[in-house]
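Let me begin by presenting the structure, written as structure tokens, before commenting on it.
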Amino acid sequence: MHAMQYTITLPADYDMGIIRKRVADKGDLLDTHPGLGLKAYLVRERGQDGAPVNEYAPFYLWRTPEGMNGFLWGPGFRGLCQDFGRPAVRHWLGSGLGRGPARDTPVAATRHVERLPEHTDPAGAVEAALAALPRHPALHTAAVAVDPGRWELLRFALWAGPAPAAEPGTRYRVLHLSSPELDRLPAGRHW
């Protein structure tokens, strides 16, 4: 499993209806994309849920690197780059996946990234993050991943209702979820 995200920060007065329409018109294009576990079409809107900025920030869990490459080198990402400029794409190695009890379409997401201190054992930090995956009735899916270039640990969760107040991280709204191969991503630890 590979986690991937890019963020496009938009002006404070940007009409976020443009992003909502873009997702409504094009979101289903990845509903059958080979190798894609899930793509959550995420947004933050300035002044809502404490967001300081307007942002479009899709998050992906890829089942295969071929699927990820097919997207990045294909027409969908090319079109995004033509419309907004080419964003930096963050990438993490998937370390584990948890399935929550909520099967309704997610409406919220949280993403928490923390740098692993130099003295920290990365395997131990991943094990602790996996053990701490949320157990909540509104949890849809949760993932843990690591960027070994920056030694950052990522915790990502999708929620079928509002994210619990105690859940750390950046909060997003989910406009659409494409999940053609989510059921093929193995639950539990990925090593």
Could you go through R22 and D83, starting from their C-alpha distance and side-chain angles, then the distance that decides it, and tell me whether this counts as side chain to side chain contact (heavy atoms under 4.5 Å, CB included)? CA-CA 11 Å; R22 179 186 188 91; D83 292 345; 2.6 Å; yes

Would I19 and L175 satisfy side chain to side chain contact (heavy atoms under 4.5 Å, CB included), going step by step from the backbone distance to the final call? CA-CA 9 Å; I19 298 297; L175 298 182; 4.3 Å; yes

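Without hydrogens or angle criteria, D104 side chain to A160 main chain gives no donor-acceptor distance under 3.5 Å. Between the D28 side chain and the D31 main chain, no donor and acceptor come within less than 3.5 Å of each other. Of the possible polar contacts, one joining the R115 side chain to the R150 backbone as a donor-acceptor pair under 3.5 Å is found. Of the possible donor and acceptor atoms, none in the side chain of R44 sits under 3.5 Å from a partner among the backbone N and O of R171. Side chain of E66 to main chain of G35: no donor-acceptor pair is present (N/O by atom type, distance under 3.5 Å, no hydrogens or angles). No side-chain donor-acceptor contact under 3.5 Å links D49 to the backbone of A51.
Residue pairs meeting the ring pair (Phe, Tyr, Trp, His ring centres under 6.0 Å) criterion with at least one partner in residues 3-37, sequence neighbours excluded, are Y6-Y60, Y6-F77, H33-W62.
Heavy-atom contacts from other residues, nucleotides or ligands closer than 6.0 Å to CZ of R189 number more than 12.
Ion pairing of R90 with E152 is present here, as a side-chain N (NZ or NE/NH1/NH2) and a carboxylate O approach within less than 4.0 Å. Using a 4.0 Å cut-off between charged nitrogen and carboxylate oxygen, R20 and E45 count as a salt-bridge pair. Taking the charged nitrogens against the carboxylate oxygens, E55 and R46 have no contact shorter than 4.0 Å, which rules out a salt bridge.
I18 and Y56 end up in the same hydrophobic cluster when Ile, Leu, Val, Met, Phe, Trp and Tyr side chains are linked at under 4.5 Å. Residues L10 and V89 share a single hydrophobic cluster, defined by chaining ILVMFWY side chains whose heavy atoms lie under 4.5 Å apart. Put simply, V43 and V107 are part of two different groups of oily side chains (I, L, V, M, F, W, Y) that touch within less than 4.5 Å, one to the next. In the hydrophobic clustering of this structure, L80 groups with L72; members are Ile, Leu, Val, Met, Phe, Trp, Tyr whose side-chain heavy atoms approach within less than 4.5 Å, directly or through other members. Under the 4.5 Å side-chain heavy-atom criterion for Ile, Leu, Val, Met, Phe, Trp and Tyr, V23 and M4 are members of the same hydrophobic cluster.
Grouped by direct or indirect side-chain proximity (heavy atoms under 4.5 Å, Ile/Leu/Val/Met/Phe/Trp/Tyr only), Y172 sits with M1, L38, L42, F59, L61, W92, L97, V113, L154, F156, L158, V174, L177, L182, L185. Grouping Ile, Leu, Val, Met, Phe, Trp and Tyr residues whose side-chain heavy atoms lie under 4.5 Å apart, directly or via other members, places V144 in a hydrophobic cluster with L116, V126, L130, L133, V146, W151, L153, W191.
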